[in-house]
Amino acid sequence: MPAIRPLPDTLISQIAAGEVVERPASVLKELVENSLDADATDIGVTLIDGGIKQIRVIDNGAGVERDDLPMAFARHATSKIASLEDLESVRSLGFRGEALASIASVARVLMSSRTAGAGRAFTMGAGGSDVAAVQPAAHPIGTTVEVNDLYYNTPARRKFLKSEATEFAHCEEAFTRAALSRPDVTFSLRHNGRVVTRLAPSGLERRVEAVLGPEFAQVMRAIDANSGSLKLSGFVGSPSYTRASRDAQFIFVNGRFVRDKLLAHALREAYRDVLHGERHPAYVLFLDIDAHGVDVNVHPSKIEIRFRDPRAVHQFVFHAVVKGLAGSAAQTQAPSVTPLASGPSARLSGTQAALGIAQPAPSYASMFSGRRGHLESAAGETPSQNVAEEAPLGFAIAQLHGVYILAQNRQGLVLVDMHAAHERILYERLKTALDSRALNTQKLLIPSTFHADRLDVATVEEHSATLNLLGFDVAAISPFALAVRAVPAMLADADPAELARALLRDVREFGASRVLTERRDELLGTMACHGAVRANRALSIPEMNALLREMEETERSGQCNHGRPTWYQMSLADLDKLFMRGR
């Protein structure tokens, strides 16, 4: 027998399915795109067990002729292109002719369809290597595709699927993208017999509000730019509306949802001067471009693209969004503020104010292990030169612009970036505590609640053990809200909601096992950054000295987690040169 031989068709399809059918949401995306390509105006999606047990998509599109049903399950068979010229100017969402064949190789699929001119409907089933004969059926004009028991014949692949809640959240995300792409189409979504969403036909503005919510709709800015073969339209959120993750960023190119680094960079740059670095904008944008100017045949999932003139596209999108954002600051109303009396009673959160519970001002000495500068005088004054010689980083004499600590040591002047230094301290302490399973938690007097999408809620439910190991107690209080009840004790002064969002973002993107192993240091660095003392916060002399002592006892304290220096020494000789002393 020859060493090199052709693979069986079923195995070829199952290999291809690995690229096309990643999870139930991938199946849903392909089926809904087929419905849109068939000019459907009403698309209904029904899921069971997050799509793992069943995905059913019903549409009122053009339908499939009886004789074409068998070809629908054949590999590389399609009605959408017929030549290289068609491929280079493709406008349909599907065109590769491999989705149904790939799905049928790893699931049991039943397709029923009727065209407008047919006297009756027909149905056909396929699963693995088995293909059933075409049979008469009762069905209105349009098509129903039912996918059952995903990965029933490839159990190793099935083990990689997540919980029902997580898989449903991914399906809902795919459904949302399709609904945003075609506001003129009716969309409905049911899960385990319950109606989750029904969207009636509308204009884009109403559809965006229905999907992203009224809060975004109130601050979104319309984009409408045209330059030859390029057109950009849609809505971007004003800089006052930001999110902790990129979950509300939708870009469609010629009607197709894409993830493109070039477009993402153009948008990031457009917001660069008006948005805080750790927050993310929201937008729903549609780029129309000559079909010959973009290659959509980059990956079987068809979510990646390539532009023939990337620089021109980047500049066009960047300038269009910058122009759209230019007037947003003046148009956006400042958030209303209820005046509070000065003094301790003024330091109340919204919830605490309602309850009448005072929150004392943060004590940053407590962030530095409670150290109070044991070499200082009782009054907190700078110690004598003799005492200062005992401390390599010296002793604080002032704080500059709420960012830098000025300290005096035997050599001269020490400049410390207090946030960067504290970030490194927290990072090293978090590593040590996690390695020794001694990451103590701090219960919050009042849980911190925040809005979350279904994926975040599912992540909390699926990975609660990992969150507990990292010192967090987070619980779902509704399908769209989470409550942080406890955080790592050493990060007790950080914003609990922002800290939890950052953690969930990493767990969502990389999975719990990778977060605790190969990405552990990146995660702990993020946590340390959120927990470190922020700029523009006044520290007392004892608190600054406590930080300096912690730096002296912390490994690698000369650089922050991002590699920047945390302190700089200026000798007396350096200072003398600045003022030309001795010349």
Side-chain angles (χ1 to χ4, degrees), residues 13-14 16-36 40 42-59 73 93-94 98-112 125-128 143-181 185 187-199 211 247 257 300-303 453-463 476 479-480 508 511:
S13 294
Q14 289 177 338
E19 293 185 307
V20 179
V21 188
E22 180 186 0
R23 62 193 334 149
S26 311
V27 175
L28 179 60
K29 168 187 174 292
E30 297 292 342
L31 298 184
V32 171
E33 286 183 353
N34 280 347
S35 295
L36 291 173
D42 192 328
I43 300 174
V45 175
T46 300
L47 305 172
I48 298 178
D49 294 350
I52 300 170
K53 184 172 182 59
Q54 186 182 91
I55 301 170
R56 183 191 296 139
V57 176
I58 305 171
D59 69 54
F73 291 96
L93 297 173
E98 59 184 347
L100 275 175
S102 296
I103 295 167
S105 71
V106 293
R108 297 183 176 93
V109 183
L110 185 68
M111 176 187 280
S112 303
T143 302
T144 296
V145 179
E146 188 177 292
V147 179
N148 294 291
D149 302 323
L150 187 61
Y151 295 134
Y152 77 97
N153 55 353
T154 51
R157 292 287 302 277
R158 193 178 180 99
K159 289 179 182 177
F160 282 93
L161 296 179
K162 303 299 183 183
S163 67
E164 175 188 324
T166 298
E167 295 303 340
F168 171 70
H170 283 287
C171 285
E172 188 179 40
E173 195 172 34
F175 176 87
T176 297
R177 293 170 186 166
L180 283 172
S181 74
V185 174
F187 282 89
S188 62
L189 174 64
R190 298 173 66 92
H191 184 225
N192 291 341
R194 183 176 62 87
V195 176
V196 177
T197 305
R198 181 167 177 81
L199 300 168
V211 171
D247 63 328
F257 174 83
S301 69
K302 305 184 292 295
I303 206 168
D453 61 26
R454 287 186 183 274
L455 269 178
D456 278 335
V457 173
T459 300
V460 167
E461 293 173 346
E462 185 176 348
H463 299 294
F480 297 101
R508 271 175 58 168

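N148 places no side-chain N or O within 3.5 Å of a backbone atom of Q54 that could act as its donor or acceptor partner. For the pair N153 (side chain) and S105 (backbone), a donor-acceptor distance under 3.5 Å is present.
Under the rule for a side-chain contact (heavy atoms from CB on, under 4.5 Å), the partners of T176 that lie at least two apart in sequence or sit in another chain are E172, L180, V211, F250. Not counting sequence neighbours, the partners of L161 by the side-chain contact (heavy atoms from CB on, under 4.5 Å) test are R23, P24, I52, Y151, R158, E167.
Ionic pairing of R508 and D453 is present here: one or more N-O contacts between side-chain nitrogen and carboxylate oxygen are shorter than 4.0 angstrom.
Separating the CG atom in N192 from the NZ atom in K53 is a distance of 10.5 Å, to the nearest 0.5 Å. Annotation: the span from E164 atom CD to L47 atom CG amounts to 10.0 Å, rounded to 0.5 Å. Note that OG1 of T459 is 13.0 Å distant from CZ of R454, once rounded to the nearest 0.5 Å. Rounded to the nearest 0.5 angstrom, L189 CG and R194 CZ are separated by 9.0 Å. Here the CG-CZ distance, from L31 to R56, works out to 12.5 Å after rounding to the nearest 0.5 Å. Atoms CD1 and CD, on I58 and E146 in that order, are 8.5 Å from each other to the nearest 0.5 Å.
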Verdict with reasoning, V457 to F480, per side chain to side chain contact (heavy atoms under 4.5 Å, CB included)
CA-CA 7 Å; V457 173; F480 297 101; 6.0 Å; no

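Closest non-hydrogen pair, A104 versus A126, comes out as CB-CB, 4.1 Å. Here the closest heavy-atom approach between residue L28 and residue C171 is recorded as CD2-O, 3.4 Å. In terms of heavy-atom proximity, A178 sits nearest to V32 at CB-CG1, 3.6 Å. Considering all non-hydrogen atoms of both residues, F73 and A101 come closest at O-CB, 3.4 Å. The minimum heavy-atom distance linking S35 with D59 is given by the pair OG-OD2, 2.7 Å. When all heavy atoms of L199 and A179 are compared, the closest pair comes out as CD1-CB, 3.6 Å.
Classification of the H191-F168 ring pair by plane angle, with boundaries at 30° and 60°, yields parallel.
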